[in-house]
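For this chain, numbers begin at 1 and follow the sequence in order.
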Amino acid sequence: MAASVLCCLRCCRDGGTGHIPLKEMPAVQLDTQHMGIWGIGVATQKVNLNQIPLGRDMHSLVMRNDGALYHNNEEKNRLPANSLPQEGDVVGITYDHVELNVYLNGKNMHCPASGIRGTVYPVVYVDDSAILDCQFSEFYHTPPPGFEKILFEQQIF
């Protein structure tokens with residue numbers, strides 16, 4: 001069965017896809033409701049959303065459920081072994097157009113990863129019965145200074 005890649009409030013096995021370009025310095029949080037295979041990060045429009053885990057090519061930079069941060073099939077960093085997300089934990093990410101940083105229950109894990117270039121979008125994927133609640137605003141934990149909710153582009157005529 002196919003995995004789901006989704007950018008919305010609830011991410012579960014039979015989701016869809018969404019695209020929100022990251023123009024500001026955003027923060028995204030997810031609440032791990034049911035553990036399985038999942039990932040969270042950023043990707044360009046060229047990423048193949050039908051192949052998980054993401055992070056296998058130059059078009060995605062993600063933290064996977066095992067705590068490893070991958071880009072271009074290279075492990076860029078890893079959460080400390082005693083800090084792997086468990087059911088009920090809140091995982092947050094920030095991206096400043098250079099580095100992706102990970103937060104666990106509001107605490108900076110100090111394991112930045114970089115390498116992706118160009119316009120990127122938030123990406124979340126799940127498989128193996130994983131359920132994640134995604135927050136793009138109204139966060140459980142306050143983002144660090146300089147980061148805020150994802151702002152949607154609007155055209156004014």
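Under a 3.5 Å cut-off, the side chain of His71 and the backbone N or O of Val62 do not form any donor-acceptor pair. Side-chain atoms of Arg64 come within 3.5 Å of backbone atoms of Leu54 as a donor-acceptor pair (strictly under, hydrogens ignored). With hydrogens and angles ignored, the 3.5 Å screen pairs no side-chain donor or acceptor of Asn108 with any backbone N or O of Tyr103. Proximity of a side-chain donor or acceptor of Ser60 to a complementary backbone N or O of Gly55 within less than 3.5 Å is detected. Here the side chain of Asn72 pairs no donor or acceptor atom with the backbone of Glu74 at under 3.5 angstrom. No donor-acceptor pair closer than 3.5 Å links the side chain of Arg78 to the backbone N or O of Cys111.
Distance check, rounded to the nearest 0.5 Å: CG of Leu69 to CE of Met109 gives 12.0 Å. With values rounded to the nearest 0.5 angstrom, Ile37 atom CD1 is found 4.5 Å from Asp128 atom CG. If you take OG1 on Thr94 and CG on Leu100, they are separated by 6.5 Å, rounding to the nearest 0.5 Å. The line from CD1 of Ile116 to OG1 of Thr44 is 5.5 Å long, rounded to the nearest 0.5 Å. Atom NE2 in His110 sits 11.5 Å away from atom CG in Asn77 (nearest 0.5 Å). For the atom pair Thr119 OG1 and His97 NE2, the distance stands at 9.0 Å (nearest 0.5 Å).
You'll find the side chain of Pro112 stays beyond 4.5 Å of the side chain of Val98, heavy atoms only. Proximity of Pro85 to Met63: side-chain heavy atoms (C-beta onward) are separated by under 4.5 Å at one or more points.
Of all the heavy atoms in Asp96 and Glu99, the pair that sits closest is OD1-N, 2.7 Å. Listed here is the closest heavy atom pair of Lys76 and Ala113: CB-CB, 3.8 Å. The two atoms that bring Ile93 and Ile40 nearest to each other are CD1-CG1, 3.9 Å, heavy atoms only.
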**Request:** Give the intermediate values and the outcome of side-chain contact (heavy atoms from CB on, under 4.5 Å) for residues Val91 and Leu104.
**Result:** CA-CA 5 Å; Val91 177; Leu104 185 61; 4.0 Å; yes
**Request:** Let me see the working for Tyr70 and Arg56 under side-chain contact (heavy atoms from CB on, under 4.5 Å), right down to the final yes or no.
**Result:** CA-CA 7 Å; Tyr70 270 87; Arg56 293 197 274 181; over 6 Å; no
